[in-house]
Amino acid sequence: MCEDDHGHDDAQDHGHDRSGIGRRAVFVTGAAAALTLGSVSFASAAPRERRTGTVRGTLPPGSPDFVYVPVEVPRGVREIHVAYTYDRPTVPAGTQGNALDIGLFDERGTELGGRGFRGWSGGARTEFFVRADDATPGYVPGPVRAGTWHIALGPYTVAPQGLSYELTITLTHGEQDETPRPVYPPERARGRGRAWYRGDCHLHSEYSDGRYTLAEIAGLARAAGLDFINSSEHNTHSAHAHWDEHAGDDLLILLGEEVTTRNGHVVALGTDPGTFVDWRYRARDNRFGRFARQIRRAGGLVVPAHPHATCIGCNWKFGFGEADAVEVWNGAYTPDDEVALADWDGMLVASVRDGRRDWIPAMGSSDSHRSPDVIGRPQTVVLADDLTREAIQEGIRAGRSYVAESSKVSLSFTASGGRGEHAGIGERLRVDRDSPVTVRLEVTGAPRCTVRFVTDQGVLFTGDPLPVSGTGAVEWRTTASYAAYVRAEVRHEAAGPLPGALAAFTNPVFLGS
């Protein structure tokens, strides 16, 4: 990447007389997907004095995923404030326009792993600040130490004309306040012992690109009949320390992150408080395994999100070898969810074909950002020993769960053998290959919906529509030689040749010894 292509040296307005900031030459980091520009330096100032400088530049099409603007922060700075703008020229039909994300790393550096990470707002904000005692949502409060900080720019898409940006950096000098000690929500809520618990594990607030406050999410989760939720902001853990006041005996709040890479998104579900997971890599970099292991070391689950979503960078490219579960249903049911469901079913078939006992359970979450997104549509209903972080995660990992469009829908799905053998969702019914098996689904809250039983051969049974009451039971008889597994789908009435949208579906019951 040549210096002139970015126009950084030629296009910066440093305002030496006004701000006392200087510059150095552009240089490229060792990573092919990152570029570091010339540094910006500020002169020392008196307490309470502000120093402001402006940086302008242009990024061409084909720019690296991340461009870093170093800022030399002197001693005695109390607050860093950054505002930015960029142009949005008209582009030809079918061509992507400009979109520029932003974040901040402190004097500890930008090395992959995030030791110096201080926040990320993507494209959701035009300005942010960081102080010892406070920070803009998405950013992490903490000491402002002297050294080289970096503003991280992420050119998500660049128009053919290029992307011209302007950064306004303001340093406020003065004594720093004390950084508050973070308080995190408890890992246990009042449960019902071994029972079915409802949760939504993919949600966004004002701490990333959502519009909901944390209080609004907690209130809407309770109204949706949820027992647990998972904090999953894009590429930041900054909300973790703000959830405690919204938890309670009736709502378990797990902490995590939506790791939003350029080759797909993954929900880190239920990590240790304060865990940050880096996102600055692609599938070709062969680094995802490192961060999947980090999620597990932090006590979390690795859940690829909306794997067939059509938005840029959303389609999952890392494979499923590291997945603990997969988000098959994301928000309102759409064709990409139907593709994800079919793809997951293909994974089940592959596990049977290869004789593996391990398989990847399916989940569903709302991915709610703002009204009219419905928190709890859909929701994952988990059989767990109690309403605790560990028990919920174990139920999800084991596949003892089903997905429902709301708390109105409840399922009971079992398989029974002729000698009293019995298995539920996510379990194995151990019977001889030719022994008769009865599969039974009981449904409530699904008026006029149709039940389908899906096996490794495909859909082998479709029932009549349920009554207007939405309550009914359906049975089907098979053998392990005919069906290696059975899972249930409850679907709304079809509007055409394709099957109707899901109202609920289960993880499978496996048949055979």
Visitor: Y156 side chain to I312 main-chain N or O, any donor-acceptor pair under 3.5 Å?
Guide: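 Looks like yes, one N/O pair under 3.5 Å.
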
Visitor: H240 vs H237 aromatic rings, parallel, tilted or perpendicular, using cut-offs 30° and 60°?
Guide: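 Taking H237 first and then H240, their aromatic rings stand perpendicular (interplane angle over 60°).
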
Visitor: Can you tell which of R190, R194, R188 makes a salt bridge (Lys or Arg N to Asp or Glu O under 4.0 Å) with D386?
Guide: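 That would be R188.
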
Visitor: Using a strict threshold of under 4.0 Å (side-chain N to carboxylate O), is an ion pair present between E216 and R211?
Guide: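 Here R211 does not pair with E216 in a salt bridge, since their nearest N and O are not under 4.0 Å apart.
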
Visitor: Tell me whether the guanidinium CZ or amine NZ of R357 lies under 6.0 angstrom from the six-membered ring centre of F510 and within 45° of its axis.
Guide: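 No, cation not above the ring by the 6.0 Å, 45° rule.
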
Visitor: Judged by atom type as modelled, is there a donor-acceptor pair below 3.5 Å linking the side chain of D200 to the main-chain atoms of S366?
Guide: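 It does hold such a pair.
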
Visitor: Nearest 0.5 Å, please: how far is OH in Y402 from CD in E489?
Guide: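 Separation between the atoms: 15.5 Å.
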
Visitor: Using a strict threshold of under 4.0 Å (side-chain N to carboxylate O), is an ion pair present between D345 and R487?
Guide: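 A salt bridge is present here (some side-chain N lies under 4.0 Å from a carboxylate O).
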
Visitor: Output, in order, the C-alpha distance, side-chain angles, deciding distance and verdict of side chain to side chain contact (heavy atoms under 4.5 Å, CB included) for S407 and Q379.
Guide: CA-CA 8 Å; S407 61; Q379 53 194 249; 3.8 Å; yes

Visitor: If you measure from OG1 on T157 to CG on L163, what distance do you get to the nearest 0.5 Å?
Guide: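 Reported to 0.5 Å precision, the distance equals 8.0 Å.
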
Visitor: Measure from the side-chain N and O atoms of S121 to the backbone N and O of G138, and report whether any donor-acceptor pair falls under 3.5 Å.
Guide: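 A pair under 3.5 Å: no.
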
Visitor: Where is the tightest heavy-atom contact between G103 and Y139, given as atom of each residue plus distance?
Guide: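 In terms of heavy atoms, the two residues are closest at CA-OH, 3.7 Å.
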
Visitor: Nearest 0.5 Å please: distance from the CZ atom of R282 over to the OG1 atom of T261.
Guide: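 Reported to 0.5 Å precision, the distance equals 8.5 Å.
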
Visitor: Ignoring hydrogens and angles, tell me if any N or O in the side chain of T388 forms a donor-acceptor pair with the backbone of E187 under 3.5 Å.
Guide: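 Judged by distance alone, no pair lies under 3.5 Å.
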
Visitor: Would you say H204's side chain and S232's backbone share a donor-acceptor pair under 3.5 angstrom?
Guide: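 Checking the backbone N and O of S232 against the side chain of H204, a donor-acceptor pair under 3.5 Å is found.
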
Visitor: Just so I know, are the side chains of I375 and I229 near enough to count as touching, which here means a heavy-atom distance under 4.5 Å?
Guide: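 SC-SC contact between I375 and I229 ruled out.
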
Visitor: Flag the pair N98 / P89 as yes when at least one side-chain heavy-atom distance between them is below 4.5 Å, and no otherwise.
Guide: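 N98 reaches P89 side chain to side chain.
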
Visitor: So do the side chains of V509 and V439 get within less than 4.5 Å of each other, counting heavy atoms only?
Guide: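 When only atoms from C-beta onward are counted, V439 and V509 do not touch, as no gap falls below 4.5 Å.
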
Visitor: Are there over 12 heavy-atom neighbours, none belonging to E442, within less than 6.0 Å of that residue's CD?
Guide: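 Enclosed.
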
Visitor: What I'd like to find out is whether the side chain of V443 reaches to under 4.5 Å of the side chain of V451, using heavy atoms alone.
Guide: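 Yes, their side chains come closer than 4.5 Å.
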
Visitor: With no hydrogens and no angle check, just 3.5 Å: does a side-chain donor-acceptor pair link R198 and S406?
Guide: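 Side-chain D/A pair, R198 to S406: absent.
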
Visitor: Hey, what do you get for CD (E257) to CZ (F276), rounding to the nearest 0.5 Å?
Guide: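 Answer for the CD-CZ pair, E257 versus F276, is 5.5 Å.
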
Visitor: Find the distance between CZ (R222) and CG (L251) and round it off to the nearest 0.5 Å.
Guide: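 Going from CZ on R222 over to CG on L251, the span is 4.5 Å.
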
Visitor: So, S481 and D434: side-chain donor and acceptor under 3.5 Å apart, yes or no?
Guide: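 Side chains of S481 and D434: pair found under 3.5 Å.
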
Visitor: Just how far is it from atom OG of S231 to atom CG of L214, taken to the nearest 0.5 Å?
Guide: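 These two atoms lie 7.0 Å from each other.
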
Visitor: Please give me the minimum heavy-atom distance between S205 and E233, naming the atom from each residue.
Guide: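 What the structure gives for the nearest pair is OG-OE2, 2.5 Å.
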
Visitor: For W316 and F320, take the angle between the two ring planes, folded into 0 to 90°, and tell me which bin it lands in: parallel under 30, tilted 30 to 60, perpendicular over 60.
Guide: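 Tilted, since the angle between the ring planes falls between 30° and 60°.
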
Visitor: Any side-chain heavy-atom pair from V437 and T479 closer than 4.5 angstrom?
Guide: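 Answer no - side chains too far apart.
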
Visitor: Determine, stepwise, if the pair D324 / R296 fulfils salt bridge (Lys or Arg N to Asp or Glu O under 4.0 Å).
Guide: CA-CA 10 Å; D324 295 305; R296 289 197 191 90; 3.3 Å; yes

Visitor: D227 side chain to Y197 main-chain N or O, any donor-acceptor pair under 3.5 Å?
Guide: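 No.
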
Visitor: Check the orientation of F66 and W120. Use parallel for under 30°, tilted for 30 to 60°, and perpendicular for over 60°.
Guide: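 Geometry flag for W120 against F66: perpendicular rings.
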
Visitor: Does Y482 offer a backbone N or O that forms a donor-acceptor pair with the side chain of Q457 under 3.5 Å?
Guide: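 At least one qualifying donor-acceptor pair exists.
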
Visitor: What are the two closest heavy atoms between E475 and F461, and how far apart are they?
Guide: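 Looking at all heavy atoms of both residues, the shortest contact is O-CZ, 4.1 Å.
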
Visitor: Taking atom types as modelled, is there a side-chain donor on N230 or H202 under 3.5 Å from an acceptor on the other?
Guide: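 Result is no, nothing qualifies.
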
Visitor: Answer yes when R377 and E405 have at least one side-chain N-carboxylate O distance shorter than 4.0 Å, and no when they do not.
Guide: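 A salt bridge is absent here (no side-chain N lies under 4.0 Å from a carboxylate O).
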
Visitor: I'd like to know if the side chain of Q96 and the backbone of V91 have a donor-acceptor N/O pair within less than 3.5 Å.
Guide: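 Checked: no pair found.
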
Visitor: Side chain to side chain contact (heavy atoms under 4.5 Å, CB included) for V266 and F291? Distances and angles first, verdict last.
Guide: CA-CA 10 Å; V266 61; F291 294 99; over 6 Å; no

Visitor: With a 4.5 Å heavy-atom cut-off, do L348 and W359 have their side chains touching?
Guide: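 Yes - at least one pair of side-chain heavy atoms lies under 4.5 Å apart.
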
Visitor: Counting distance only, does the side-chain N/O of T455 pair as donor-acceptor with the main-chain N or O of V486 below 3.5 Å?
Guide: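 Such a contact is absent between T455 side chain and V486 backbone.
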
Visitor: Could you list the donor-acceptor pairs under 3.5 angstrom formed between side-chain atoms of residues 411-429 and any protein atom two or more places apart in sequence or on another chain?
Guide:
| residue | atom | partner | partner atom | Å |
| --- | --- | --- | --- | --- |
| E421 | OE1 | G418 | N | 3.4 |
| E421 | OE1 | R419 | N | 2.9 |
| E427 | OE1 | G424 | N | 2.7 |

Visitor: Walk me through whether L153 and D101 qualify under side chain to side chain contact (heavy atoms under 4.5 Å, CB included).
Guide: CA-CA 6 Å; L153 301 178; D101 296 340; over 6 Å; no

Visitor: Would you say that more than 12 heavy atoms from the other residues, nucleotides or ligands in this model lie under 6.0 Å from the CZ of R192, or not?
Guide: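 Counting other residues, nucleotides and ligands, CZ of R192 exceeds 12 neighbours.
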
Visitor: Run the salt-bridge test on R491 and E338 with the 4.0 Å N-O cut-off and return the result as yes or no.
Guide: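 Yes, this pair counts.
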
Visitor: Taking the side chain as every heavy atom from C-beta outward, state whether T444 and S410 have any pair of such atoms under 4.5 Å apart.
Guide: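 The answer is yes, as the side chains (C-beta and beyond) meet within the 4.5 Å cut-off.
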
Visitor: Should we say atom CZ of R115 is surrounded by more than 12 heavy atoms from elsewhere, each under 6.0 Å from it?
Guide: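 Not more than 12 within 6.0 Å, no.
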
Visitor: Output all residues satisfying salt bridge (Lys or Arg N to Asp or Glu O under 4.0 Å) with R280, sequence neighbours left out; order by chain, then residue number.
Guide: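 Once residues adjacent in sequence are excluded, the partners of R280 under the salt bridge (Lys or Arg N to Asp or Glu O under 4.0 Å) criterion are D278.
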
Visitor: Between W476 and L441, is there a donor-acceptor pair closer than 3.5 Å when you use the side chain of the first and the backbone of the second?
Guide: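 Not confirmed, W476 side chain does not pair with L441 backbone.
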
Visitor: Atom CG of residue position D354 - does it have more than 12 heavy atoms of other residues, nucleotides or ligands inside 6.0 Å?
Guide: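 Yes - once you tally the heavy atoms of other residues, nucleotides and ligands closer than 6.0 Å, there are more than 12.
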
Visitor: Please determine if R370 and D209 form a salt bridge, counting it only when a charged side-chain N lies under 4.0 Å from a carboxylate O.
Guide: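 Answer for the salt bridge query: no.
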
Visitor: Can you say whether the rings of H306 and H265 are parallel (under 30°), tilted (30 to 60°) or perpendicular (over 60°)?
Guide: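 Correct class here is perpendicular.
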
Visitor: When you look at N507 and W344, which way does the side chain to side chain contact (heavy atoms under 4.5 Å, CB included) test go after all the steps?
Guide: CA-CA 10 Å; N507 276 298; W344 169 66; 3.2 Å; yes

Visitor: Answer yes or no: is there a side-chain heavy-atom contact under 4.5 Å between F505 and V328?
Guide: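 When only atoms from C-beta onward are counted, V328 and F505 do touch, with a gap below 4.5 Å.
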
